Amino acid sequence: QKEVEQDPGPLSVPEGAIVSLNCTYSNSAFQYFMWYRQYSRKGPELLMYTYSSGNKEDGRFTAQVDKSSKYISLFIRDSQPSDSATYLCAMSGTGSARQLTFGSGTQLTVLP
Amino acid sequence: SQTIHQWPATLVQPVGSPLSLECTVEGTSNPNLYWYRQAAGRGLQLLFYSVGIGQISSEVPQNLSASRPQDRQFILSSKKLLLSDSGFYLCAWGTGLADGDTQYFGPGTRLTVL
C-alpha cells in the first residue's frame, strides 16, 4: 500500500463547476499538507500549504485536512479552463515522515 | 524572492552518451536540494537530495549520480545513458524541516534517450 493515494482521474468538468480533488494517507506522522498544480510540460507549482487539520482558503481554492480520517481535499470553485492541469498532493511530518511524500496526481480538464 | 533555474530545457541524447544537468537557486542560502524524475503520466520519483555542500543521499540505485559543488548548485550526471533514463527531470529546493520541507520546483529538463 502506498503512503499517499490519489485518484489519477482523468477528471473532466464543465466551466463553472466545483471541483473536488482528494488524497488519503496512511502515516499518522504527516503534519504538513500541500497541493501543487502542474501544467503540461512544466514544473509543479505550490498552490496551497496547510499545517495540521482544518481549512485554508485562497481565492477560488480551499484546502481541507481531516487528520482523524487521514484525508485531504482541494476544492476549486467556479472552475476555469485555465485550471486544467495535474494536481499533486504532498505531505510531510516528523521522524520517518520528514521528507515530502507526493501523491501520483489527478489530471483535471475544465471544458469551456 | 527565490528563483530556481534548470538547463537545458530539452535534451536528446544517444544511448551510452554522458549526461550533465544543472540546477541553480537564487535568493536563499543553504537550501535542501532535490532531483526528481517524472515519467510520462506518472508521479514524481525522488532520485537524490542534498542538505549541504558535498552531502548527497541517493534514493534509487541506478546509473545516475548527483553532486553539489556549491551551496546553490546541484548537478545530475551519468557516464552512460540508458533508454530507461528518458523522462522529465525536475530540480527542487526545500525550506527544511521547520516548514514541513515545502519544496519549490524548477521548470524541468525533458530528456529523450534514443
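In the text below, chain A, chain B and the rest are named by the order of the sequence lines, each starting its count at 1. None of the values given here were measured: they were computed from a predicted structure.
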Counting only non-hydrogen atoms closer than 4.5 Å, does A:Q38 touch chain B with its backbone (N, CA, C, O), its side chain (CB onward), both, or neither? side chain
Should B:L33 and B:I75 be regarded as members of a common hydrophobic cluster, given that ILVMFWY residues are connected when their side-chain heavy atoms come within less than 4.5 Å of each other, either directly or indirectly? no
Give me the atom names and distance for the closest heavy-atom approach of B:F88 to A:K42. CE2-O, 3.4 Å
Examine B:L21 and B:L83 and state if one hydrophobic cluster contains both, with Ile, Leu, Val, Met, Phe, Trp and Tyr joined whenever side-chain heavy atoms are less than 4.5 Å apart. yes
Do B:Y49 and A:L46 sit in the same hydrophobic cluster, where Ile, Leu, Val, Met, Phe, Trp and Tyr count as joined when their side-chain heavy atoms come under 4.5 Å apart? yes
Let me confirm one number: the OH-CG distance from B:Y36 to A:L100, rounded to the nearest 0.5 Å. 5.5 Å
Does any backbone or side-chain atom of B:Y34 lie under 4.5 Å from a heavy atom of chain A? Answer side chain, backbone, both or neither. neither
Count I, L, V, M, F, W, Y as connected when their side-chain heavy atoms are under 4.5 Å apart, and connections chain through other members. Are A:V19 and A:F75 then in the same cluster? no
Go through the steps to decide whether A:Q99 and B:Q103 satisfy the test side-chain contact (heavy atoms from CB on, under 4.5 Å), and finish with yes or no. CA-CA 10 Å; A:Q99 281 193 357; B:Q103 292 179 23; over 6 Å; no
Indicate if B:I56 and B:I53 have the same hydrophobic cluster label, given that clusters are the connected sets of ILVMFWY residues with side-chain heavy-atom separations under 4.5 angstrom. no
Smallest heavy-atom separation, B:D101 atom then A:S92 atom, equals N-OG, 4.5 Å
Measure B:I4 against the heavy atoms of chain A and call it side chain, backbone, both or neither at under 4.5 Å. neither
Chain B contact via A:Y36 - side chain, backbone, both or neither, heavy atoms under 4.5 Å: side chain
Would you mind reporting whether A:Y49 and B:T102 have side-chain heavy atoms less than 4.5 Å apart? yes
dist A:T101:OG1 -> B:L44:CG (nearest 0.5 Å) comes out at 11.5 Å
Please determine whether the number of non-hydrogen atoms from other residues, nucleotides or ligands lying under 6.0 Å from atom CZ of A:R41 exceeds 12. no
